[in-house]
Amino acid sequence: MHDSFDTSRPRTVAPGEYPVWDEALALVNHDLSALLPDRGPLRLVALPAWPEESADDEHAPEHVYVALPDGRWHGNDLAPDAGAGPGTPLAAVAEAAQDTVLECLWQVWPVCAEHRLGMHPGQEGGQAVWRCAGGSGEREPGHVQAPVGKLEESYRSGRERRKQRKENMQNKQSKQNQRG
């Protein structure tokens, strides 16, 4: 986590400086606002290359982090080569966002609606996804909850399915009461 003994102050990354990470962060922020609407959007902050890095390479890249709206962050920086494969930048930003939320806010995010467990970013078919490890037995296997950026849709459809099941149960009980 950024600490007050650091002499370097992070700067806010301007939109467009890192377009791949900007795009990924917009999707992650969509998921954050769906499940933690009061937290505000995450942002990118940057620190200059460490002195030992710039001593060897005057063009050493700066270190970019995913931070809370107030500028706090935790975890590793986004690797300069995170854009190497499909879904990779999005998975990297999702993981960095999750680290920041967990360690700075002490809040598990995102949480699987079915198992009430924290999910983790992963890759499935070249796409960044939120993956749940599943429940405690074979009958509750791990699963992909949703692609990163689409958590709201998966939670909405889950709520709709639960509502429909509840209505079906009520209708079934009504019919049984009428017969009996």
Side-chain angles (χ1 to χ4, degrees), residues 1-6 8-47 62-79 82 87-124 127-136 140 142-167:
M1 182 160 36
H2 173 65
D3 134 0
S4 60
F5 295 109
D6 267 347
S8 300
R9 302 297 296 154
R11 70 173 184 82
T12 298
V13 171
E17 279 187 75
Y18 295 97
V20 171
W21 289 336
D22 287 340
E23 188 178 316
L25 187 58
L27 291 171
V28 170
N29 273 328
H30 188 265
D31 287 347
L32 183 73
S33 70
L35 302 183
L36 299 176
D38 58 331
R39 292 299 178 188
L42 301 170
R43 61 188 174 118
L44 298 175
V45 296
L47 287 171
E62 63 187 349
H63 297 272
V64 180
Y65 299 88
V66 175
L68 296 173
D70 65 9
R72 291 181 296 149
W73 79 88
H74 180 84
N76 295 325
D77 60 335
L78 297 169
T88 306
L90 185 51
V93 170
E95 184 173 5
Q98 186 178 48
D99 286 347
T100 292
V101 169
L102 179 64
E103 294 297 332
C104 293
L105 299 177
W106 289 68
Q107 184 163 10
V108 175
W109 170 83
V111 175
C112 173
E114 183 179 345
H115 297 109
R116 300 287 185 223
L117 297 170
M119 295 185 287
H120 298 280
Q123 296 270 339
E124 179 110 353
Q127 183 177 37
V129 296
W130 291 112
R131 182 182 308 282
C132 172
S136 58
E140 296 183 57
H143 61 96
V144 170
Q145 179 70 31
V148 174
K150 305 254 186 220
L151 272 178
E152 181 177 30
E153 289 87 354
S154 75
Y155 277 74
R156 185 174 47 234
S157 64
R159 282 192 300 267
E160 290 166 0
R161 283 191 304 271
R162 284 189 298 279
K163 182 179 175 186
Q164 186 63 49
R165 279 195 302 260
K166 184 177 179 181
E167 288 173 4

> Which value, rounded to the nearest 0.5 Å, describes the distance between Leu151 atom CG and Met119 atom CE?
Replying inline: 5.0 Å
>> With rounding to the nearest 0.5 angstrom, report the CG to CG distance, Leu32 to Leu27.
In response: 12.5 Å
> Taking atom CG of Leu36 and atom CG of Asn29, what is their separation to the nearest 0.5 Å?
Replying inline: 11.0 Å
> With Leu68, which residues qualify under side-chain contact (heavy atoms from CB on, under 4.5 Å), at least two apart?
Replying inline: Leu42, Asp70, Arg72, Thr100, Cys104, Leu105
> For the atom pair CD (Gln145) and SG (Cys132), what is the distance rounded to the nearest 0.5 Å?
Replying inline: 7.5 Å
> With sequence neighbours left out, what residues match His30 under ring pair (Phe, Tyr, Trp, His ring centres under 6.0 Å)?
Replying inline: none
>> Using the rule given for side chain to side chain contact (heavy atoms under 4.5 Å, CB included), can you reason through Tyr65 versus Leu47, listing the C-alpha separation, both sets of side-chain angles and the distance that settles it, and then say yes or no?
In response: CA-CA 8 Å; Tyr65 299 88; Leu47 287 171; 4.0 Å; yes
> Closest heavy-atom contact between Trp21 and Ala79?
Replying inline: CZ2-O, 3.2 Å
> So, does Asp31 use its side chain to make a donor-acceptor pair with the main chain of Gly149 at under 3.5 Å?
Replying inline: yes
> How close do Val45 and Pro10 get, heavy atom to heavy atom, and via which atoms?
Replying inline: CB-CB, 4.0 Å
> What are the two closest non-hydrogen atoms of Ala14 and Asp22, and how far apart are they?
Replying inline: O-OD2, 4.4 Å
>> How about CD on Glu23, more than 12 heavy atoms from neighbouring residues, nucleotides or ligands closer than 6.0 Å, or not?
In response: no
>> Ring-plane angle category for His143 and His115, please: parallel below 30°, perpendicular beyond 60°, tilted otherwise.
In response: tilted
>> I'd like to know whether Leu44 forms a side chain to side chain contact (heavy atoms under 4.5 Å, CB included) with Thr12, so could you lay out the CA-CA distance, the side-chain angles of the two residues, the decisive distance to 0.1 Å, and finally the verdict.
In response: CA-CA 6 Å; Leu44 298 175; Thr12 298; over 6 Å; no
> Which heavy-atom pair separates Leu78 from Ala92 by the least distance, and what is that distance?
Replying inline: CD2-O, 3.7 Å
>> Determine whether Trp130 and Val148 satisfy the following criterion, side chain to side chain contact (heavy atoms under 4.5 Å, CB included), listing intermediate values before the conclusion.
In response: CA-CA 6 Å; Trp130 291 112; Val148 174; 3.8 Å; yes
> How long is the gap from CZ on Arg11 to CD on Glu17, to the nearest 0.5 Å?
Replying inline: 4.0 Å
> Under 3.5 Å, side chain of Asp99 to main-chain N/O of His74, donor-acceptor pair present?
Replying inline: no
>> Apply side chain to side chain contact (heavy atoms under 4.5 Å, CB included) to residues Val93 and Tyr18 and explain how you reach the verdict.
In response: CA-CA 12 Å; Val93 170; Tyr18 295 97; over 6 Å; no
> If you measure from CG on Leu35 to CD on Gln107, what distance do you get to the nearest 0.5 Å?
Replying inline: 10.0 Å
>> Using only atom types and a distance under 3.5 Å, with no angle test, would you say the side chain of Arg43 pairs donor to acceptor with the backbone of Pro69?
In response: yes
> Can you name the closest pair of heavy atoms from Leu90 and Ala24 and give their distance?
Replying inline: CD1-O, 3.5 Å
